[in-house]
A.B. asks: 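Shown below is the structure under consideration.
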Amino acid sequence: MRRLVARLLADERVRFVLVGGVNTVLGYGLFAAFYFSLGATIGYIGSLYASYAVAIVVAFVLHRRFTFRVNGTGNPAVDFLRISGVHAVALVVNTIALPVLVEYAQLDPLPAQALIVMVTTLISYFGHKVFSFRRASPRLPRGIHGLDHGGGEGQNRRVDDGVGTPH
């Protein structure tokens, strides 16, 4: 059983689903809490923004340490700005879609937000994968250029640098 769990957790996509699930439940719970407690004052859009503000911080810590495992590398401030940028794109989509579903489709804000989360989760994954926590590949010694010129039939094979990013 431990091997299965370890093998599953070795897959970045599984870790993303776990962290994303936790963060999505937290964000949706915060949205509902803000909507029920302050909705009369800040409305569903204010509730959306307040929930995003908290969820971004949680997502940053969990994705940096657990999902993409880049803690201790790069600049945390740059990573936070990048993750905020990805979340800003998701927030823009959310800010447009939520009123459309509430005002025009006549859905209650809670089920409308539940539908939108499905789209913004995909935006988040791809944005974080290719932008928020990307790291430059280590430079190879001059003349190597990431190709293994040995190994038969004149074919070049990609060399794995051991960091998980083939060159």
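Here, residue 1 is the first one in the sequence, and each next residue gets the next number.
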A.B. asks: Rounded to the nearest 0.5 Å, how far apart are CD of Q113 and CG of L107?
C.D. replies: 12.0 Å
A.B. asks: Nearest 0.5 Å please: distance from the CE atom of M118 over to the CG atom of L115.
C.D. replies: 5.0 Å
A.B. asks: What pair of heavy atoms forms the shortest contact from F16 to T121, and how long is it?
C.D. replies: CZ-O, 4.1 Å
A.B. asks: Which residues pass the ring-ring contact (aromatic ring centres under 6.0 Å, His included) test with Y35, not counting sequence neighbours?
C.D. replies: none
A.B. asks: Give the cluster check for Y52 versus I116: same hydrophobic cluster or not, with ILVMFWY residues linked at side-chain heavy-atom distances below 4.5 Å.
C.D. replies: yes
A.B. asks: Decide yes or no for Y49 and T95: does some side-chain heavy atom of the first lie under 4.5 Å from some side-chain heavy atom of the second?
C.D. replies: yes
A.B. asks: When hydrophobic residues are tied together by side-chain contacts of less than 4.5 Å, even through go-betweens, does L26 share a cluster with L62?
C.D. replies: yes
A.B. asks: Are V22 and F66 grouped together when hydrophobic residues (ILVMFWY) are joined by side-chain heavy atoms under 4.5 angstrom apart?
C.D. replies: yes
A.B. asks: Run the side chain to side chain contact (heavy atoms under 4.5 Å, CB included) check on L38 and S47 step by step: do they pass?
C.D. replies: CA-CA 7 Å; L38 300 171; S47 300; 5.6 Å; no
A.B. asks: Rounded to the nearest 0.5 Å, what's the gap from CG on N94 to OG1 on T120? Could you check?
C.D. replies: 5.5 Å
A.B. asks: Using 30° and 60° as the class boundaries, would you call the ring planes of H63 and F68 parallel, tilted or perpendicular?
C.D. replies: tilted
A.B. asks: Please say whether more than 12 non-hydrogen atoms of neighbouring residues, nucleotides or ligands are located less than 6.0 Å from CZ in R69.
C.D. replies: yes
A.B. asks: Please name the pair of heavy atoms, one in I45 and one in P99, separated by the smallest distance, quoted to 0.1 Å.
C.D. replies: CD1-CG, 3.9 Å
A.B. asks: Would you name the heavy atoms of F31 and S51 that are closest together and state the gap between them?
C.D. replies: N-CB, 3.5 Å
A.B. asks: Distance check, rounded to the nearest 0.5 Å: D108 atom CG versus L101 atom CG?
C.D. replies: 11.5 Å
A.B. asks: If hydrophobic clusters are built by linking Ile, Leu, Val, Met, Phe, Trp and Tyr wherever their side-chain heavy atoms come under 4.5 Å apart, do V119 and V89 end up in the same one?
C.D. replies: yes
A.B. asks: Considering non-hydrogen atoms only, spot the tightest contact between E103 and Y44 and give its length.
C.D. replies: OE2-OH, 2.8 Å
A.B. asks: Is the backbone N or O of A10 less than 3.5 Å from a side-chain atom of R15, with the two atoms forming a donor-acceptor pair by type?
C.D. replies: yes
A.B. asks: Is there a side-chain contact between L9 and L18 (heavy atoms, below 4.5 Å)?
C.D. replies: yes
A.B. asks: Measure the spacing between CZ of F80 and CD1 of I56 and express it to the nearest 0.5 Å.
C.D. replies: 6.0 Å
A.B. asks: Using every non-hydrogen atom in the two residues, find where A55 and L30 come nearest and quote the distance to one decimal.
C.D. replies: N-CD1, 4.5 Å
A.B. asks: Is V57 linked to F34 within one hydrophobic cluster, defined over Ile, Leu, Val, Met, Phe, Trp and Tyr using a side-chain heavy-atom separation of less than 4.5 Å?
C.D. replies: no
A.B. asks: Can you tell me how far the CG atom of L98 sits from the CG atom of L48, to the nearest 0.5 Å?
C.D. replies: 6.0 Å
A.B. asks: Heavy atoms only: give me the nearest Y28-L110 pair and the separation to one decimal.
C.D. replies: OH-O, 2.8 Å
A.B. asks: With S37, which residues qualify under side chain to side chain donor-acceptor pair (under 3.5 Å), at least two apart?
C.D. replies: none
A.B. asks: Quick one, F60 and H87 - any side-chain contact, counting heavy atoms below 4.5 Å?
C.D. replies: no
